[in-house]
Novice: 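The structure's right below; bear with me while I get my questions together.
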Amino acid sequence: MIDLRLLRVDPDRVRASQRARGEDVELVDALLAADERQRSSSSRFDELRNEQRQLGKQVAQAKGDEKAALLERTKELSGEVKAANAEQTEAEAEVQRLLGGLANLLDPAAPIGGEEDFVTLEEVGTPRDFGAEGFEPRDHVELGKLLGAIDTERAAKVSGSRFYYLTGVGALLELALVNMAVAQATEAGFIPMITPALVKPRAMEGTGFLGQAAENVFHLPEDDFYLVGTSEVPLAAYHMDEILDADQLPLRYAGFSPCFRREAGTYGKDTRGIIRVHQFDKVEMFSYVAPEDAEAEHKRLLQWEKDFLNKLGLAYRVIDVASGDLGASAMRKYDIEAWIPTQGKYRELTSTSNCGEFQARRLGIRMRGEEGNRPLATLNGTLCAVPRTIVALLETHQLADGSVVVPEALRPYLGGREVLTPVGK
RNA sequence: GGAGGCUUCGCCUAGUCCGGUCUAUGGCGCCGCACUGCUAAUGCGGUUUCGGGGUUAUUCCUGAUCGAGGGUUCAAAUCCCUCAGCCUCCGCCA
């Protein structure tokens, strides 16, 4: 949600932002009109209500004929007040409806364009050259099978496509990655959190996932719960309707939760393996900061993401995501894509977004500072999305015989194991 | 799932039976000022939140807000209904 006052003062800026995102520009004018209507109906109600309250005081003290006369007028007023109130409520709801459909303002520094128009900020590490090493790399599905780590066949039997079991060393690998991520986050001052995976509509909506992203959200209609696609949702909604003291910021949480995604419209994409699944676990960083600190915090989140991937010895590139591919909440977004050897390309592993005041406004989260109460900024970033990290890890560090070398930093979390070896060998 | 209790402006709390002077009481905390070698104590003032309007030195006018929504009424923190959350007990349960 953006600031209505900004929309009044500088509608062109909002129009430009909508245009760059490929979103509805007309919405801006509809909203301006609705806002005008809301304000005039509201001041009408204010006046009537004021009169009603004044008369009410007189009624309380009046007696006899005087009282009867007053009552006549107040009865009439009562109807007018009700009508004005209804009108105001309706106008207000219309404003909220339109405002809720407006995407966040774009950061002027974000690249303009569609999915393909990202800007590569840097490439880190060198993709391994298996040709030079003289063997053909196995993909993560094959490796997972050899190691007894991943079972997608039985998962299909039990849950259908896009599900998986992590078995044996695979299960241990997830726990190790999660522990390593949580340890890094905790050391950096994040408060570790284990969050609900089912949330109410308000939380989902406030975080900005029920707009264009709604088709990818699981919903339980009988109970009106949503399954979160990321712990960003419960972490953002954690402080819903609260006013936080400015001096306790920045407030940083590292959430661990399962994540559920419908993956609607992705039939035929990444059908093999565990790149694109309906359920996975993830450690997510989330920050509440003063708006003026948001940009710097965004860089910090990115750095923590890089630190984690560096420790795992992965090759990756950092991209600055283009305007059309940001999602409704983000002003700017950096993705880190790791090199996946058997695909011969970079695939998204983590993503960090600066949502500015957008989510905070929708969720009613403010900060109390010297300048009074004002919305704060929220940011999020993936520390470790488990399945894709496992994919990159297995494929990158495999050996000719199907063994996988465990990166040094991860070994303490795997009981000191240095190599994962195929089962039965 | 059943029965009962509770929800008031940061926290605690008065007010709800019996509707109007509630412009919501008091305490704690916090902020400012005064006093004081320093601190403390004391005194005075301020302190829910969100809008709209006027003037912009600053202040003034006004509406909403007592868990949420609806209803009754000229008038609702107060009466009625629905819902949510919390607590206690019973049942069930990892």
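Everything numeric in this text was worked out from a predicted model, so none of it was measured. Worth knowing before you read on, the calculation uses all heavy atoms, side chains too, and leaves out hydrogens, waters and symmetry mates. Order of the sequence lines fixes the chain letters, A, B, ..., with proteins taken first and strands second; residue numbering starts at 1 for each chain.
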Novice: Looking at the side chain of A:Arg49, which of B:U49, B:A76, B:C74 is the nearest nucleotide?
Specialist: B:A76
Novice: Quick check on contacts: within residues 39-47 of chain A, what sits under 4.0 Å from RNA chain B by heavy-atom distance?
Specialist: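 Result for residues 39-47 of chain A: A:Arg39, A:Phe45, A:Asp46, sorted by number.
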Novice: Going by an N to O cut-off under 4.0 Å, is there a salt bridge joining A:Arg73 and A:Glu51?
Specialist: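 Looking at A:Arg73 and A:Glu51, the cut-off is met.
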Novice: Any donor-acceptor pair under 3.5 Å linking the side-chain atoms of A:Tyr334 with those of A:Arg332?
Specialist: yes
Novice: What is the separation between atom CG on A:Asp241 and atom C1' on B:A84, rounded to the nearest whole Å?
Specialist: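 Taking CG of A:Asp241 and C1' of B:A84, I get 14 Å after rounding.
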Novice: Rounded to whole angstrom units, what separation is found between the CD atom of A:Gln88 and the C1' atom of B:C50?
Specialist: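 Taking CD of A:Gln88 and C1' of B:C50, I get 12 Å after rounding.
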Novice: B:C74 P sits how many Å from A:Glu51 CD, rounded?
Specialist: 16 Å
Novice: Could you check which of B:U73, B:U49, B:C74 has an atom nearest any side-chain atom of A:Lys75?
Specialist: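 Nearest nucleotide to the side chain: B:C74.
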Novice: Do any N or O atoms of the protein come closer than 3.5 Å to N or O atoms of nucleotides 92-94 of chain B, and which pairs are they?
Specialist:
none

Novice: Give the ring-plane orientation class for A:His278 versus A:Phe163, where under 30° counts as parallel, over 60° as perpendicular and anything between as tilted.
Specialist: tilted
Novice: Mind calculating the distance between CG (A:Leu55) and P (B:U73) to the nearest angstrom?
Specialist: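 Nearest whole value for this atom pair: 19 Å.
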Novice: Taking the nucleotide of RNA chain B with the closest heavy atom to each, which residue, A:Thr74 or A:Thr89, is nearer the 5' end?
Specialist: A:Thr89
Novice: Scan A:Leu394, A:Ile275, A:Thr342, A:Ile340 and name whichever one has a side chain to side chain contact (heavy atoms under 4.5 Å, CB included) with A:Asp139.
Specialist: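 Considering A:Leu394, A:Ile275, A:Thr342, A:Ile340, a side chain to side chain contact (heavy atoms under 4.5 Å, CB included) with A:Asp139 is found only for A:Thr342.
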Novice: Mind checking if A:Arg374 touches a base, just sugar-phosphate, or nothing, with heavy atoms under 4.0 Å?
Specialist: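 Nothing: the residue A:Arg374, judged by heavy atoms under 4.0 Å, touches no strand.
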Novice: Counting heavy atoms from C-beta on, name the nucleotide in B:U49, B:G63, B:G52 closest to the side chain of A:Arg5.
Specialist: B:G52
Novice: Among the nucleotides B:C50, B:A64, B:C74, which one has an atom lying closest to any side-chain atom of A:Arg366?
Specialist: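 Within the option list, the nearest is B:C50.
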Novice: Any salt bridge between A:Asp29 and A:Arg15, counting N to O under 4.0 Å?
Specialist: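 Salt bridge: yes.
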Novice: Given B:G63, B:C74, B:G52, which nucleotide is nearest the side-chain atoms of A:Arg8?
Specialist: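 Of the candidates, B:G52 comes closest.
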Novice: In this structure, how many angstroms lie between the P atom of B:C31 and the CZ atom of A:Arg368, rounded?
Specialist: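 These atoms are roughly 13 Å apart.
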Novice: Counting Watson-Crick and G-U wobble pairs only, both distances under 3.5 Å, name the nucleotide matched with B:A84, or none.
Specialist: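 Paired with B:U7.
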Novice: Quickly work out the A:Lys82 NZ to B:G70 P distance and round it to whole Å.
Specialist: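 The answer, rounded to whole Å, is 12 Å.
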